[in-house]
Number of protein chains: 2
Amino acid sequence: MSEREPKPKRPPRAVDVAAAAEVSIATVSRAFNSPEKVAPAIRERVLAAAKAMGWMPHAAGSALARRRTSIVGAVIPTLDNEVFAAQVGAMQTAFAERGITLLLSCFNYNRDQAFDDVQAMLARGVEALAIVGEAHRPDLFPSIQARHVPYVVTYSHRPDSPHPCVGFDNRQAFRTITRHLLDLGHEVIGVIVQPTAGNDRVAARLDGVRDALAERGLGIRPQHLCEGEWSIDFGRQSVRAILATEPRPTAVICGNDYLAVGALLEARAMGLAVPGDLSITGFDDIAISRQMDPPLTTMHIDNREIGRRAAGYLLDCLEGGTPSPPPPLPPLEPTLIRRGSTAAPAAGDVASGGIAGQG
Amino acid sequence: MSEREPKPKRPPRAVDVAAAAEVSIATVSRAFNSPEKVAPAIRERVLAAAKAMGWMPHAAGSALARRRTSIVGAVIPTLDNEVFAAQVGAMQTAFAERGITLLLSCFNYNRDQAFDDVQAMLARGVEALAIVGEAHRPDLFPSIQARHVPYVVTYSHRPDSPHPCVGFDNRQAFRTITRHLLDLGHEVIGVIVQPTAGNDRVAARLDGVRDALAERGLGIRPQHLCEGEWSIDFGRQSVRAILATEPRPTAVICGNDYLAVGALLEARAMGLAVPGDLSITGFDDIAISRQMDPPLTTMHIDNREIGRRAAGYLLDCLEGGTPSPPPPLPPLEPTLIRRGSTAAPAAGDVASGGIAGQG
DNA sequence: TTGTACGCGTTATCAT
DNA sequence: ATGATAACGCGTACAA
């Protein structure tokens, strides 16, 4: 056996660097965390030694001593929706700039999963949490508050929410888009939405549609409402179902762009003209929407901005220290993007739909 | 001042639970980590006390004592591409089942970013790493190996790669899809790809196209090759540019489905028939591809399976212990999905393209 | 079965 | 400016 290191298996520790640089372990720590407090010559020596043996402070020990983990968590339904992927991407970027690591949970619209994931995150010592939506298990937010962990609810912004939230008013947004169709002259309108159960955003959207319809004395007929998974395929089958009913809608409002893309594709496949025979609206303004033929009328949501604001708010909480009460967050303003998929209904259709009122 | 707890700010620790349950701190730990080693009655008492004060083992302390962090890292280019989002989602699920937390890095096709992210992950004590692609900074993999951290390269599978990888042979896959077009009778073929710089997968794909063309004595003419960001818009502008050249291609091969979707939409917008006037192929089989009109011929990649396999491999490394050399990983087989966007070229077009050979 | 005591790797306080 | 040393919160030999 030669003299060379028998098993360098174990990663180097601060003491090893200290020995190599012939300084104390405290100096090693300082050289990394407050370089200005150590003499340049020594600092160089330490840094060189560290680089030579590939040492870097181990986060676990560091977190313990510092009492800061520099970890925050993001809790979203799924990465399969471009909307949440964009939010997470923006948050990650914002946090990375401050040396904070983002922990991700995809709960797949399952409340228990979301709860468990949050507990795991708390155990990991997350210093803050961003959570999509507020329709969660009743014990979720209390479990976070009990630990005094700051949090935000994203993608939603009820005026009277008990939680700090960064997002927009889903209900108001759907009032806007519904009025757009009403102003064009539509009176019989179909609606395709995601499951409302356990999804506060979708419920709010549906309420918004009802609000706007009620203003004109109209309502949603049961046969004109389809509720199911947000997928292009569900959009397709739903529009087919809705168009088979009487009175036949001249427009369809979709709960998001995936559904609307499906509705648009299927309507065209059925030989219908869009918007001539049927107007279609979406929500979110995902990448594909403006590429469709005709391009989709939808509400644009700046999801990267939501991510940035959520991160900014949480960073304020962390850096502002405990005393300062978090500043209030203004809602984002979704903007109606009028594109080719909506227009006035054909004359005959309007007449036949004149008695669309339902309640 | 009443007698109630002055400042319960600090989260409870194991000692607090121990005191409440009137046991030692060791028993608290055991009650959570090896329940069978503690008497049922005591166990209940401990668990109850813990639940009452909302205690759970703090990961940092636990990691330090155990010398295991139960964290692994995933390094991908971006979440904006459905392909990587699916991989990450699958990995996260697989790891979560084993109580392992997934740390995510999106390096945005920036090698330095990838390197820095990996260093940060190593500092966090990741026990394993999954990394998309192998075209990284030359010091990336050595820095991982130096720490004896097991890793896999995903989304790629060169037969002679020095790294364990889970993916498919990009070159072979593009040979297949190119031959598909050649067999249909196409001889003048345009190519639209992502940037090859710093992206081994794309370079391999381009090589695959060249391989298949060369088999028939053909090549890619410079004016028929567009390289740029993978986006629907770049697909659109590229197909327009390519179709303005002579000889005019009868088919276009795209480096991924986003580009192909753009090419398809633009070709139709230009009034061309697809596949009548132009055949188009994609790659990945993203969700929108089969929805297009005509649906896109593409190669199907099971990205969730890639994620699962990568996770499975890394779990084997972790649980198998140090001695066992990791088992070899077979490549996945992408499958050609023939849909409506490809067909034989029109007779006239074939004739005019007879001299497509270039070298 | 339960308790004692030490170690995990780093940071921070306090001398020097 | 630098060094010694006590936390930080938990797991686990080892002893009882």
(request) Identify, with sequence neighbours excluded, every residue that meets salt bridge (Lys or Arg N to Asp or Glu O under 4.0 Å) alongside R98(A). (result) E319(A)
(message) Test of understanding: with salt bridge (Lys or Arg N to Asp or Glu O under 4.0 Å), list the residues that count as partners of D139(B), not counting sequence neighbours.
(response)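 Salt bridge (Lys or Arg N to Asp or Glu O under 4.0 Å) check on D139(B) returns R137(B).
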For [X] and [N], give me the distance from atom [atom1] to atom [atom2], rounded to whole Å.
X      : N      : atom1 : atom2 : result
H58(A) : dG7(C) : NE2   : P     : 18 Å
R67(A) : dA6(D) : CZ    : C1'   : 11 Å
D16(B) : dC8(D) : CG    : P     : 11 Å
L64(B) : dA7(D) : CG    : P     : 17 Å

(request) Identify, with sequence neighbours excluded, every residue that meets side chain to side chain contact (heavy atoms under 4.5 Å, CB included) alongside R66(A). (result) N33(A), S62(A), R68(A)
(message) Test of understanding: with side chain to side chain donor-acceptor pair (under 3.5 Å), list the residues that count as partners of D117(A), not counting sequence neighbours.
(response)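 Partners of D117(A) by the side chain to side chain donor-acceptor pair (under 3.5 Å) criterion, ordered by chain and then number, come out as S105(A), Q113(A).
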(message) Going by the rule ring-ring contact (aromatic ring centres under 6.0 Å, His included), which residues pair with Y155(B) if we only count those two or more places apart in sequence or in a different chain?
(response) F84(B), F168(B)
(message) I need the full list of ring-ring contact (aromatic ring centres under 6.0 Å, His included) pairs touching residues 32-56 of chain A, with sequence neighbours left out, sorted by first then second residue.
(response)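 For residues 32-56 of chain A, and leaving out neighbouring residues, the ring-ring contact (aromatic ring centres under 6.0 Å, His included) pairs sorted by first residue read F32(A)-W55(A).
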Anything under 3.5 Å between a protein N or O and an N or O of nucleotides 11-15 of chain D, put it in a table, one pair a line.
| from | atom 1 | to | atom 2 | distance (Å) |
| --- | --- | --- | --- | --- |
| dG11(D) | OP1 | N33(B) | ND2 | 3.0 |
| dG11(D) | OP1 | R66(B) | NH2 | 3.4 |
| dG11(D) | OP2 | S29(B) | OG | 2.9 |
| dG11(D) | OP2 | N33(B) | ND2 | 3.4 |

(request) Starting from the 5' end of DNA chain C, give me the residue, A60(A) or K37(B), whose nearest nucleotide shows up first. (result) K37(B)
(message) Between R45(B) and E22(B), does any side-chain N to carboxylate O distance fall below 4.0 Å?
(response)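 No.
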(message) I'd like to know if R10(A) and D16(A) make a salt bridge, using a cut-off of under 4.0 Å between side-chain N and carboxylate O.
(response)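 Here R10(A) does not pair with D16(A) in a salt bridge, since their nearest N and O are not under 4.0 Å apart.
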(request) Determine to 10° how strongly the helix from dT1(C)-dA16(D) to dT16(C)-dA1(D) is bent, judged from the axes of its five-pair ends. (result)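 Answer rounded to 10°: the end axes differ by 40°.
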[N] phosphate, OP1 or OP2, under 4.0 Å from [X] side-chain N/O:
X      : N      : answer
R10(A) : dG9(C) : yes
R68(B) : dC8(C) : no
R13(B) : dG9(D) : yes

Can you give each donor-acceptor pair under 3.5 Å made by side-chain atoms of residues 89-97 of chain A, sequence neighbours left out, with the distance rounded to 0.1 Å?
| from | atom 1 | to | atom 2 | distance (Å) |
| --- | --- | --- | --- | --- |
| Q92(A) | NE2 | L104(B) | O | 2.5 |
| T93(A) | OG1 | G89(A) | O | 3.0 |

(message) Can you tell me which nucleotide in dT1(C), dG3(C), dA1(D) comes closest to the side chain of A39(A)?
(response) dA1(D)
(request) Give one of base, sugar-phosphate or nothing for V15(A), where a contact means two heavy atoms less than 4.0 Å apart. (result)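 Answer is nothing: V15(A) stays at 4.0 Å or more from every strand.
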